[in-house]
Every structure is written in structure tokens, then in C-alpha cells.
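The block underneath contains the structure these notes are about, expressed in C-alpha cells.
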Amino acid sequence: MSDFVFSFEVYPPKKTAPIEVIYEAIAQLSQLKPDYISVTYGAGGGAATASATVEICSLIRNTYHTETVAHLPGINLTFDQVASLLTRLRAHNIMSILALRGDRRPEDCVLEQEGDFHYASELVSYIRELDPRGDFSISAACYPEVHIEASSAAADLDHLKLKVEAGVTNLITQLFFDNRVFYQFLDACSVAGIDVPIQAGIMPLTNARQAAHIIKLCNPHIPADLQAMIERYQDDDASFEAAGIEYATQQIADLIDNAAEGVHLYTMNSASTARAITDSIYPLLGR
């Protein structure tokens with residue numbers, strides 16, 4: 001299983017909190033030796049929120065010597081701002097990017113978009129234009145249960161293929177809780193001629209509030225056993241957390257058994273959750 005990619009995602013602290021609050025989590029997550037740690041970008045994108053992402057990525061790469069991937073949503077960025085960000089990332093030895101369209105803020109529904117990129121494929125093409133030697137590795141997102149704005153599953157795959165053809169080297173899925181959905185998605189990608197590696201995005205549900213938020217936000221299919229877990233432990237935080245970690249661990253073990261190419265763990269900045277999962281999963285990977 002040496003080719004299996006196992007990685008983490010973290011996010012910068014809220015603007016009202018000092019960036020240092022994430023430092024201890026980064027230190028602990030780096031000790032787990034993931035293949036890389038990705039760092040998200042502030043909601044709505046825009047150049048003003050880039051500094052925290054760059055700083056955290058630099059800490060991961062240059063202090064803890066762990067590979068890192070910087071999220072880069074193009075929705076409210078201009079061509080010049082993207083070029084400037086690539087220069088900053090290169091200066092910090094950060095050479096991997098997760099190119100995203102980015103989430104629209106509520107006000108974007110009524111105001112004209114500020115940036116130059118309407119789709120992630122446009123952002124990928126522009127990065128490749130600025131980086132003709134291919135120094136940057138570019139990842140992109142994909143949606144096993146279809147992007148909420150896509151007109152159909154077929155249309156969603158068409159957009160995904162455009163991203164790959166523009167220069168994406170690997171894909172990371174939106175979270176899902178039913179592995180059958182993921183396997184069906186892999187089959188559909190194969191039929192569509194999408195042949196880059198695809199990592200499965202897994203998020204452990206650790207409390208009832210988080211579960212309710214994720215279900216409302218992403219509308220994923222909830223298998224019967226997970227629904228039963230949520231209902232059984234919704235008023236017992238400790239039991240909910242233990243059961244949620246166990247569910248995610250079983251998901252990942254099944255993905256390994258079925259020859260998935262990798263897992264991207266949405267850690268929610270919790271090193272303890274990541275450690276609990278890696279303690280069970282790494283022996284399956286021979287790590």
C-alpha cells in the first residue's frame with residue numbers, strides 16, 4: 001500500500017482569533033507524518049484572506065518539513081492577484097495548489113462577481129499559462145454526489161473533465177458517508193475518460209451540531225447505520241465522538257480494502273481525531 005496517499009486538511013483560525021491558535025495542532029498533525037497537509041482559504045476567497053493560508057502552509061513546509069497544499073479559490077481573485085499569490089507561494093517553497101472556484105457568499109447572488117474566474121477550469125488554465133514548465137502540482141475538487149449547482153451528473157462530469165484537461169494532476173472528493181457512492185463515481189469517471197488519481201474525502205462526525213451543519217450544507221446521503229448512530233448519541237457528546245471516529249475509520253478501512261488511491265481526512269483542526277484514526281489505519285498501510 002505504499003502508493004496510497006493519506007493526507008489531512010486544516011483551516012485558518014477565524015479572523016477574530018490569533019493565527020497562533022492553530023500552531024499546536026499543526027505540530028501534532030505533522031508528527032503523524034501524512035503525505036501532505038492542505039490548508040483552506042477564507043470563505044468567499046479574495047486576496048485579503050491569503051496571508052493566513054500562506055503563513056500556515058509555510059509553517060508546515062519549512063518548519064515541520066511536511067508537504068503542503070495551498071487552497072486557491074479563484075472566485076474573487078483577479079489575474080494579477082493570482083500571479084502575485086503564485087509568486088508568494090513559490091517564495092515559501094509551496095509548490096502544490098488546490099485550485100477551486102470557491103464558494104459564493106450570499107451577497108454574490110445579487111452583486112456582480114469581482115474576480116476574473118468563473119470556473120475552476122479557468123483558474124487551472126491560467127496557472128498553467130503562468131507556469132509552463134509545470135513546477136506547480138495542481139489538484140482540484142470533485143463531487144461524488146454531484147455539485148449542488150450542476151444541472152446533472154453528466155454535466156458535472158463534463159466540467160470535471162475540463163479541469164483535468166486544463167492541467168489538474170489529481171482530484172480530491174467532497175466528503176461522503178456512503179462508500180458505494182464513491183465507487184459508483186469512480187466507475188463514472190473511468191467511463192468519462194478521467195484517469196488522474198482520485199482521493200476520497202472523509203470527514204469524521206464528532207458531535208451532533210457538526211453533523212446537522214454538514215448535512216444541511218452538503219446534503220450527503222446518510223446510510224441507515226450512520227443515521228442510527230446520530231440519533232442514538234445526539235445527546236451524548238463523548239459517545240458521539242467515539243462512534244463518529246469509528247465510523248470514519250471503518251469507511252477508510254473499506255476504501256483500502258477496495259484499492260482506493262488515497263484518503264484526504266477533513267480533520268477540523270483536531271489532532272486527537274486524526275491520531276485516533278491513524279492509529280487504526282496506518283497498520284493497514286504498513287506505516
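Start at 1 with the first residue, then count along the sequence.
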| request: For the pair Asp131 and Arg90, find out whether any cationic side-chain nitrogen is under 4.0 Å from an anionic carboxylate oxygen. | output: yes
| request: Report the C-alpha distance between Thr40 and Val10 in whole Å, list the side-chain angles of each, state the deciding distance to 0.1 Å, and finish with yes or no for side-chain contact (heavy atoms from CB on, under 4.5 Å). | output: CA-CA 6 Å; Thr40 70; Val10 298; over 6 Å; no
| Is there a side-chain contact between Thr206 and Thr273 (heavy atoms, below 4.5 Å)? | yes
| task | Over all heavy atoms of both residues, which pair between Ile172 and Tyr266 is shortest? Give the atoms and the distance, please. | result | CG2-OH, 3.9 Å
| said: Under the criterion side-chain contact (heavy atoms from CB on, under 4.5 Å), I'd like the reasoning laid out for Leu162 against Tyr119: C-alpha separation, chi angles, the key distance, then a yes or no. | reply: CA-CA 10 Å; Leu162 285 176; Tyr119 301 102; over 6 Å; no
| Steps toward ring pair (Phe, Tyr, Trp, His ring centres under 6.0 Å) verdict (Phe177, His221) | CA-CA 7 Å; Phe177 299 106; His221 172 64; 9.8 Å; no
| query | Hey, does Ser51 have a side-chain heavy atom less than 4.5 Å from the side chain of Arg88? | reply | yes
| query | Do Glu9 and Ile37 come within less than 4.5 Å of each other through their side chains, counting heavy atoms only? | reply | no
| query | Side chains of Ile245 and Glu241: closer than 4.5 Å at any heavy-atom pair? | reply | yes
| task | Would you check, one step at a time, whether the test side-chain hydrogen bond (donor to acceptor under 3.5 Å, both in side chains) holds for Ser139 with Asn170? | result | CA-CA 5 Å; Ser139 304; Asn170 67 284; 2.9 Å; yes
| Inter-residue atom distance Thr173.OG1 - Ile202.CD1, 0.5 Å rounding | 6.5 Å
| query | CG/Asn93 to CE/Met95 distance, rounded to the nearest 0.5 angstrom? | reply | 8.5 Å
| Is there a side-chain contact (heavy atoms from CB on, under 4.5 Å) between Tyr41 and Leu77 once you walk through the steps? | CA-CA 12 Å; Tyr41 206 96; Leu77 293 173; 4.1 Å; yes
| Hydrophobic cluster membership, Leu130 vs Leu85, 4.5 Å side-chain cutoff | yes
| query | Should the pair Phe182 and Phe176 be assigned to parallel (<30°), tilted (30 to 60°) or perpendicular (>60°) ring geometry? | reply | parallel
| query | Are side-chain heavy atoms of Met229 and Tyr233 found at a separation under 4.5 Å? | reply | yes
| Geometric cation-pi criterion, Arg287 with Tyr282: 6.0 Å, 45° | yes
| query | So Gln31 and Arg275, side-chain contact (heavy atoms from CB on, under 4.5 Å) or not? Walk me through it. | reply | CA-CA 9 Å; Gln31 290 174 1; Arg275 182 174 294 279; 3.8 Å; yes
| field | Side chains of Ile252 and Leu265 in contact at under 4.5 Å (non-hydrogen atoms) | value | yes
| With a cut-off of 6.0 Å (strictly less than), are more than 12 heavy atoms of other residues, nucleotides or ligands near CD1 of Ile148? | no
| Aromatic contact, Tyr36 with His264 (centres under 6.0 Å) | yes
| said: My understanding is that only residues two or more places apart in sequence, or in another chain, count here; which of them pass salt bridge (charged side-chain N to carboxylate O under 4.0 Å, His left out) with Asp279? | reply: none
| Are any of the side-chain nitrogens in Arg101 or Glu149 under 4.0 Å away from the carboxylate oxygens of its partner? | yes
| query | Can you get from Leu186 to Phe6 by hopping between Ile, Leu, Val, Met, Phe, Trp and Tyr side chains that sit under 4.5 Å apart? | reply | yes
| Going by atom types alone, do Asp237 and Asn207 pair a side-chain donor with an acceptor below 3.5 Å? | no
| What pairs with Ser96 under side-chain contact (heavy atoms from CB on, under 4.5 Å), at least two apart in sequence or on another chain? | Val69, Ser137
| task | Consider only side-chain N and O atoms of Ser38 and His71, and report whether a donor and an acceptor are under 3.5 Å apart. | result | yes
